[in-house]
Amino acid sequence: MSIEQHIREIIRDVPDFPKPGIVFKDITPIFYDQKMCSQIADEVISRLTTIPDAIVGVESRGFLFGFLIANKLNVPFVLARKPGKLPYKTVSFEYDLEYGSAKIEMHEDALQKNWNVLVHDDLLATGGTAAAAAQLINKLGANVIGFNFIVGLQFLKGEEKLKKYSNNITCLVQY
């Protein structure tokens, strides 16, 4: 069985979450299988065309595999968090959502200039949060060399928003 098929079998659909009409792709059952978690991290790594200098994980589920991947690659893991969650001096980027706006932050010393950085999150929907992380990376003088996700929702066309930063966009499973 391919890793894509295995992930599809494990992910559960949760109808009407977080609001009516949405079918939420719940990845939490993956975390009950440590072997599968390791296989997912290895699969992401096998698809890299270059080893990044750091991985930025997007709050909060992007932390889970992002840290595991960074650890296996022996590179730093950087948190991109909601405002007020990081204790040191931060840089921030505000971005628009379908209704309203949001903001993410990183520590101002988290990345070095000219580092090549990979952005990781669990799911690619509209691409807004991953694009905001890319903006922060650029603001700190580093380069986005790609994005990776466990799940991609193709019908929301999030990849289009990310191609401005990198054409290297990987989703292990597409819906």
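Index from 1, following the sequence.
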Trainee: When clusters are formed by joining ILVMFWY residues with side-chain heavy atoms under 4.5 Å apart, either directly or through shared neighbours, do V44 and I3 land in the same one?
Mentor: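 Same cluster.
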
Trainee: Are the side chain of D16 and the backbone N or O of G21 linked by a donor-acceptor pair below 3.5 Å?
Mentor: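 Confirmed, D16 side chain pairs with G21 backbone.
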
Trainee: Are there over 12 heavy-atom neighbours, none belonging to K82, within less than 6.0 Å of that residue's NZ?
Mentor: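 At most 12 heavy atoms, drawn from other residues, nucleotides or ligands, come within 6.0 Å of this atom.
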
Trainee: How many angstroms lie between CG in L140 and CD in E108, if you round to the nearest 0.5 Å?
Mentor: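 Interatomic distance, L140 CG to E108 CD, rounded to 0.5 Å: 8.5 Å.
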
Trainee: Provide the closest heavy-atom pair for A134 versus F147 in the form atom of the first, atom of the second, distance.
Mentor: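 Scanning both residues completely, I find the closest heavy atoms to be CB-CZ, 3.9 Å.
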
Trainee: For atom NZ of K157, is the number of surrounding heavy atoms from other residues, nucleotides or ligands below 6.0 Å larger than 12?
Mentor: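 Atom NZ in K157 is not packed in, count stays at 12 or less.
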
Trainee: State the SG-CZ distance between C171 and R47, to the nearest 0.5 angstrom.
Mentor: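 So the SG of C171 and the CZ of R47 are separated by 9.0 Å.
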
Trainee: Hey, are S166 and N168 close enough side-chain-wise for a donor-acceptor pair under 3.5 Å?
Mentor: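 No - no donor-acceptor pair under 3.5 Å links their side chains.
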
Trainee: Taking the six-membered ring for Trp, are F149 and F65 ring centroids under 6.0 Å apart?
Mentor: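 Between F65 and F149, which both carry aromatic rings, the centre distance is not below 6.0 Å.
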
Trainee: Are side-chain heavy atoms of L111 and I137 found at a separation under 4.5 Å?
Mentor: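 They are in side-chain contact.
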
Trainee: Check A110 against W115 and note the closest heavy-atom contact, atom names and distance.
Mentor: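 Shortest heavy-atom separation between A110 and W115 comes out as O-CZ3, 3.9 Å.
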
Trainee: Enter the distance from D122:CG to S60:OG here, rounded to the nearest 0.5 Å.
Mentor: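 Result: 8.0 Å between the selected atoms.
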
Trainee: Is T50 close to N116 at the side-chain level, that is, under 4.5 Å between some pair of heavy atoms?
Mentor: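 N116 does not reach T50 side chain to side chain.
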
Trainee: Knowing that exactly one of R81, K103, K85 qualifies, which makes a salt bridge (charged side-chain N to carboxylate O under 4.0 Å, His left out) with E59?
Mentor: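 Checked R81, K103, K85 against E59; only one passes salt bridge (charged side-chain N to carboxylate O under 4.0 Å, His left out): R81.
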
Trainee: Search all heavy atoms of L118 against all heavy atoms of I145 and return the closest pair with its distance.
Mentor: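 Where L118 meets I145 most closely, the heavy atoms are N-CG1, 4.3 Å.
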
Trainee: Linking I/L/V/M/F/W/Y whenever their side-chain heavy atoms sit closer than 4.5 Å, directly or via other members, would V117 and V91 fall into one cluster?
Mentor: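 Yes, same cluster.
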
Trainee: Are V144 and I51 linked, directly or through intermediate hydrophobic residues, by side-chain heavy-atom contacts shorter than 4.5 Å (ILVMFWY only)?
Mentor: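 No, separate clusters.
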
Trainee: Taking a hydrophobic cluster as the set of Ile, Leu, Val, Met, Phe, Trp and Tyr residues connected by side-chain heavy atoms closer than 4.5 Å, whether directly or through intermediates, do I40 and I45 fall within one such cluster?
Mentor: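 Yes, it is one cluster - the side chains of I40 and I45 are joined through contacts under 4.5 Å.
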
Trainee: Please determine whether side chain to side chain contact (heavy atoms under 4.5 Å, CB included) holds for the pair I11 and I30, giving the CA-CA distance in whole Å, both sets of side-chain angles, and the decisive distance to 0.1 Å.
Mentor: CA-CA 7 Å; I11 289 175; I30 292 172; 4.2 Å; yes

Trainee: Between Q135 and K164, is a side chain to side chain contact (heavy atoms under 4.5 Å, CB included) present by the stated rule, with each step listed?
Mentor: CA-CA 10 Å; Q135 285 282 357; K164 170 180 174 182; 3.9 Å; yes

Trainee: Is any side-chain heavy atom of I104 closer than 4.5 Å to a side-chain heavy atom of Y95?
Mentor: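 Touching, per the 4.5 Å side-chain cut-off.
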
Trainee: Evaluate the side-chain proximity of H107 to V78: yes if any heavy-atom separation is below 4.5 Å, no if none is.
Mentor: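 V78 vs H107: side chains apart.
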
Trainee: Which distance, rounded to the nearest 0.5 Å, do you find between the CG of D109 and the OH of Y88?
Mentor: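 So the gap between those two atoms works out to 5.5 Å.
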
Trainee: Measure from NZ or CZ of K25 to the centre of the six-membered ring of Y175 and say whether it is under 6.0 Å with the direction within 45° of the ring axis.
Mentor: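 Yes, a cation-pi geometry.
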
Trainee: Please report the closest heavy-atom contact between N143 and N138, naming both atoms and the distance.
Mentor: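 Closest approach of N143 to N138: CA-OD1, 4.4 Å.
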
Trainee: Can you check whether M106 reaches V56 side chain to side chain, under 4.5 Å on heavy atoms?
Mentor: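 Side-chain contact under 4.5 Å: yes.
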
Trainee: Is a side-chain donor or acceptor of Q154 paired with a backbone partner of Q174 at a separation under 3.5 angstrom?
Mentor: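 It does not hold such a pair.
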
Trainee: At what distance, to the nearest 0.5 angstrom, does CG of N148 lie from CG of L124?
Mentor: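 Atom-to-atom, N148:CG and L124:CG are 11.0 Å apart.
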
Trainee: Are more than 12 heavy atoms, taken from residues, nucleotides or ligands other than F63, located less than 6.0 Å from that residue's CZ atom?
Mentor: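 More than 12 within 6.0 Å, yes.
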
Trainee: How about Q39 and M36: do any of their side-chain heavy atoms sit closer than 4.5 Å?
Mentor: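 Yes, close enough: below the 4.5 Å cut-off.
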
Trainee: Which pair of heavy atoms, one from A70 and one from P76, lies closest together, and at what distance?
Mentor: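 So the minimum-distance heavy-atom pair works out to CB-O, 4.0 Å.
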
Trainee: State plainly whether one hydrophobic cluster holds both L172 and L156, where clusters connect Ile, Leu, Val, Met, Phe, Trp and Tyr through side-chain heavy atoms under 4.5 angstrom apart.
Mentor: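 Yes, L172 connects to L156 through the hydrophobic network.
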
Trainee: For residues V119 and L162, determine if any side-chain heavy atom of one lies less than 4.5 Å from a side-chain heavy atom of the other.
Mentor: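 They are not in side-chain contact.
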
Trainee: Per the side-chain contact (heavy atoms from CB on, under 4.5 Å) rule, which among L68, N71, L73 passes with I55?
Mentor: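 Going through L68, N71, L73 one by one, the side-chain contact (heavy atoms from CB on, under 4.5 Å) with I55 is satisfied by L73 alone.
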
Trainee: Counting N and O atoms only, with roles assigned by atom type, does the side chain of H120 sit under 3.5 Å from a partner on the main chain of G57, one being a donor and the other an acceptor?
Mentor: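 Not confirmed, H120 side chain does not pair with G57 backbone.
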
Trainee: So how far is it from R61 CZ to I27 CD1, rounded to the nearest 0.5 Å?
Mentor: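 One finds 6.0 Å between CZ of R61 and CD1 of I27.
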
Trainee: Identify the heavy atoms of L136 and S92 that sit nearest to each other, and give their distance.
Mentor: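 Taking L136 first and S92 second, the nearest heavy atoms are CD2-C, 3.5 Å.
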
